Structures are given as structure tokens and as C-alpha cells.
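First listed ligand is number 1; within each ligand, the first listed atom is number 1. The model shown is predicted, which means the values in this text are computed figures rather than measured ones.
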Amino acid sequence: MSSVGAAWRLARAGWIMVREGVIAAVPGDELRGLPKLGWRIARLFTRRRAKSKVRSDRLAAAVARLGPSYVKLGQFLATRPDVVGNDIALDLARLQDRMATFPMADAVTAVEGSLGRTISDLYLSFGGPVAAASIAQVHPAEVAGPAGPRKVAVKVIRPGVRVDFMRDLESYFLAARLQERFMPSSRRLQPVKVTETLAQTTKIEMDLRLEAAALSELAENTRDDPGFRVPAVDWERTGRDVVTMEWIDGVKMNDVAGLAAAGHDLEAIAAALVQSFLRHTLRDGFFHADMHPGNLFVEADGTIVAVDLGISGRLGKKERRFLAEILYGFITRDYRRVADVHFEAGYVPRSHDPAAFAQAIRAIGEPIHGQPAETISMARLLTLLFEVTELFDMEARPELVLLQKTMVVVEGVARTLDPHFNMWKTAEPVVGQWIRENLGPRALLVDARDGASALLSLARQAPDLAARTERLSREIDAMAENGLRFDAATARAIGKAEARASRWGRVALWVIAVALVWIAWQAG
Ligand SMILES: Nc1ncnc2c1ncn2[C@@H]1O[C@H](COP(=O)(O)OP(=O)(O)O)[C@@H](O)[C@H]1O
Ligand SMILES: [Mg+2]
């Protein structure tokens, strides 16, 4: 029964996309057979009005008709260029998540239902909505505090959005299954799995307790950091459908003129923003993944306050090291190293030739050298890199793609604030510190000078050590699990090592190994 409904809604969605010219705007040259026929027919049925529009406007029109779940689908696919292609991902990223507000009465019902108390019991006053998006809207309110009334922001889930989304999700799964069945070429992209990820991230976004928890985690991580914070959560007034937090007074970062008028140092704010983001990413492995300027306030004293933590990203230790090594490899023009890192992390199948892969990476890196630093974008570099890695069958790493997307946004905001923004120089103190503390002994940085050269001089030595430490610790782990092995393979390996190294060489190897274990233990 439900799958009939799902099929019907999918057909309807398909029809709307045909009419708004979305299907016709998909590049059809690479299609063959039935899909190509479908695409040709879709072009015939495109509304005349849609034909004069560019693709991003066609998408916006279709999504507006399809409703909130499709906004989420679009935003999600914008983070998956590996699935939809780069051009379409860019168009999807332009989709605006702004919708008409829903009535006060509905918001009050949602708050009271979620928290089990009356609105007047919860708040001294509860104002009309200030902003509305597909999933939620925000109301200003006041609560009683020890020092008199305190202003708060109350974010409330749009009524019915959860039910709508679950229903539309059935259609998405149906579409994904059809795709896997009838388009063998799409199987590599695992449409069903992609849809599962969408379901997961959106369910998280629709539970505001989790947004509150993300705010609280980021607050804890950044407690001692200068220049950046997030609003404090009022847990007593937070539930699945509502989160109450400290009201933030400040100028939004999309109001550059307003920031200048308030006397803020725009260059300092740009630097603080990028450094904060990198610190969260590298140090904590937990970052705000929706850092567009509409979600960023600057307070009177210059502190940046980020709101809207519905989407956050996590990077494990392995991904953080991968990232640091890649940046290091590009800076030192060690393309072979950048290539090797991909193989070591297991991201690119061993069947590919490292030398050919390094060549492709050189094609990205070389044009960048010799350019003035302030024109080189770290985000663009990563974007190009992911394009190349895709050619070498690198499996999609959603957490890295999310990071790269966020970096595009953060760097973009920094450049609107400071047209001469130098990403590498700004990044160096944070990336350098991370490498120093995680990939090698502190002493390596002592002779470091300014800008990228600091990163360069210490990174030249560090990642190699780190890779070796990691391999070694893996081996030690394996030994701890399986006991010390002494089989034919081990004996052969030792034999080879014997043949290569002199006695003192072997002793030195062991000293290094012990030192590395010690460093790893200290850093851990
Ligand atoms: N703590 C806050 N203090 C002041 N204004 C806020 C606060 N939280 C949200 N807002 C306002 O509400 C808008 C929407 O909230 P946000 O959390 O960004 O939700 P959405 O997911 O709808 O973008 C923000 O852009 C901001 O203008
Ligand atoms: Mg927002």
C-alpha cells in the first residue's frame, strides 16, 4: 500500500521536475538507451516559462513546488558532487532555505506539546517569528532569571515536517532502488546507501535536542578559545521539537557594511573565523558544517558567535592526519607523498599506479606555485584534488567532502571581509601547532619562520614519522592481539632486513622505533 503511495508521489515529483525543466537541464550527452529517450521526452514537456531560466532557477522553482523535504534532498546532494557532478552540486548549493513562516498558534502548540508545559509557564513573553526555513523557525522570547528577564531565541520545528519527510523518503528509496536495478552504471555510487545517509542526517536535524547537544559540545570544546563562541543552551526549555538558547545581539556577517560601521576590524574577524574553523576541525575533529554568513554574528567586542548547528561534521584522527599531510604535500610540492597518503589511508585502490596518480596530483599542484599566496584557495585545492581522486576510484569520503564544502564557504566569507585574505598564512598557526603536537616532537618548529615556511620546515619531517609511528603501532596492536608471530613470512622479512642493514643500523632502527612509540604515547 505504502509503496503504491511512494510510487505515485515519485511520479508526481518527476513530473514537476520535467515541467520545471530540471530534467532537461541535466547534461544528456552521456546518456544512452532508455534514459536518453526519457531525457528527450522530458525536454518536450518542459514548460515554456522554464525554458528561459538557467538551471539553478529551474531547480529553485521545482523545489518550491515540491516542498521542504526536497529542499533537504537538494542541500544534501549539494554535498555529494561525487553523486550528482560538480556543476549540479554548485547549483544545488545555491538553493535558498527560506520559507514562509508558519502561524504563531502552531508554534505555541508545538512548544507546549514537546515540553509538556504551557507557554506562559515557560516564557515571560513569546514573540512572532524572525526567520523561517524548511525545518524550523525562530522566535524571540523572554524567560525569568535571577537578574530579571533574559532574552532567548526559541527554535521550533515546522509542524508536520517530520511526517512529510518520512513519506517523501519512501519515494527517494524507491527511486534509488529503481536506479540500482535499471542503471548498472549508477551502482558504484550506491544510491540506496546515499539515501540512507540522507535519512540519517535529516532525522538528526529534525530532533532539536541533538542540535542543542551539538551547541553544547562545541561550547565545551571552545571554552578557552578567544574570539569564538556559540549560544548557551537552556536545557529546561529544550525538547525534540524546540530548542531554547541565549539570544545573540550582534551584526550578521552577511552585513559587511554594518560590521564596518560598527567599527569592527574586518581583517581580524576574517582571520579569527578561519582559525576557529581549522581549530575545531583539526584539534577537536568536530566542526560546524553550515557556516554561511547568515549563521554568524559578530558581537560588540568582536567575538564571533555561530548559530544553527543542525549540521555538523566529524573527522577521525585518521582523516585529520590525512588532511594535514595533503596540505603539507602541496606546500612542499611533494606530489608523490600526497599520492602515497591516499594509498596508505586505503582511499585509493592498490591496483592504481602511484606514479600515475602522483602525476595527476602534480597537475593540480604546479599551477598553484608561483601564484601570490592570497589568490590561492585551500578549498579550491581540495575541490580539485577530489576531482582527480575520483578519476582514480577513490571511494567517496562524505566527511571529507563535507569539510571541503564548509571550507569553501568559510574561505568565501573570509574573502568578502578581507579581499587580500591569505589563507595559508592565516592557517599556519593552527595547522602548524596541530602538526607539532600530533605528528612530531615540538622541537621541530623551533627554527620555523613566518607564513607557510613554518608549516613547510616542520612538516618536511613530521608526516613521515607519523606514518611510520602509525604503521608501527598497528603492528604492535596486531602483536598484542595475536601474540608474537614467528612464521615463515616473518623469518623472510627479518632475513631481508638483515641483508640490508648493518648491525648498528638495526640497533638504530630499534632506537627510532622506541622513540616513535614514546612520541606517539606522549601525543596520544
Ligand atoms: N541565538 C540566537 N540569537 C539571535 N538570533 C538567532 C539565534 N538563533 C537563530 N537566530 C536567528 O534566526 C535565524 C534562523 O535560525 P537558524 O538557527 O539559522 O535556523 P535555520 O535552520 O532556519 O537557518 C538566524 O539566521 C538568526 O537570524
Ligand atoms: Mg540558518
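In this structure, Lys193 does not pair ionically with Glu180, as no charged nitrogen and carboxylate oxygen lie closer than 4.0 Å. Arg237 has a carboxylate O that lies under 4.0 Å from a charged side-chain N of Asp234, or vice versa, which qualifies the two as a salt bridge. Ion pairing of Asp241 with Arg162 is present here, as a side-chain N (NZ or NE/NH1/NH2) and a carboxylate O approach within less than 4.0 Å. The residues Arg380 and Glu411 are annotated as not salt-bridged, no charged nitrogen and carboxylate oxygen being separated by less than 4.0 angstrom.
Checked against a 3.5 angstrom limit, the closest N/O atoms of Gly294 and ligand 1 fall inside it. The distance criterion of under 3.5 Å between nitrogen or oxygen atoms is met by Ile248 with respect to ligand 1. Looking at ligand 1, you'll find an N or O of Lys155 within less than 3.5 Å of one of its N or O atoms. Residue Glu211 places no N or O, backbone or side chain, under 3.5 Å from any N or O of ligand 1.
Taking the six-membered ring where tryptophan is involved, the planes of Tyr172 and Tyr70 are perpendicular, since the angle between them exceeds 60° and thus also 30°.
Considering CG of Leu77 and CG of Asp91, their distance stands at 12.5 Å, rounded to 0.5 Å. Rounding to the nearest 0.5 Å places CD1 of Ile248 at 11.0 Å from NZ of Lys151.
Among the atoms of Asp290, no N, O or S atom is found under 2.8 Å from the Mg ion (ligand 2).
Side-chain contact check for Gln275 and Thr426: no donor-acceptor pair (N or O, by modelled atom type) lies under 3.5 Å.
Distances from the Mg ion (ligand 2) to the N/O/S atoms of Asp308 are shortest for OD2.
Counting protein heavy atoms only, atom 26 (C) of ligand 1 is closest to Lys252 NZ, 3.5 Å. The protein heavy-atom contact nearest to atom 1 (N) of ligand 1 is Glu246 O, 2.9 Å.
Of all atoms in ligand 1, listed by their number and element, those nearer than 4.0 Å to a heavy atom of Asn295 are 18 (O). Using a 4.0 Å cut-off to heavy atoms of Ala153, the atoms of ligand 1 that qualify are 1 (N), 2 (C), 3 (N), 7 (C). In the vicinity of Met245, heavy-atom distances shorter than 4.0 Å reach the ligand 1 atoms 1 (N).
Not a single heavy atom of Gln137 sits closer than 4.0 Å to an atom of ligand 1.
Contacts with ligand 1 closer than 4.0 Å are made by side-chain heavy atoms of Val138 only, the backbone lying farther away.
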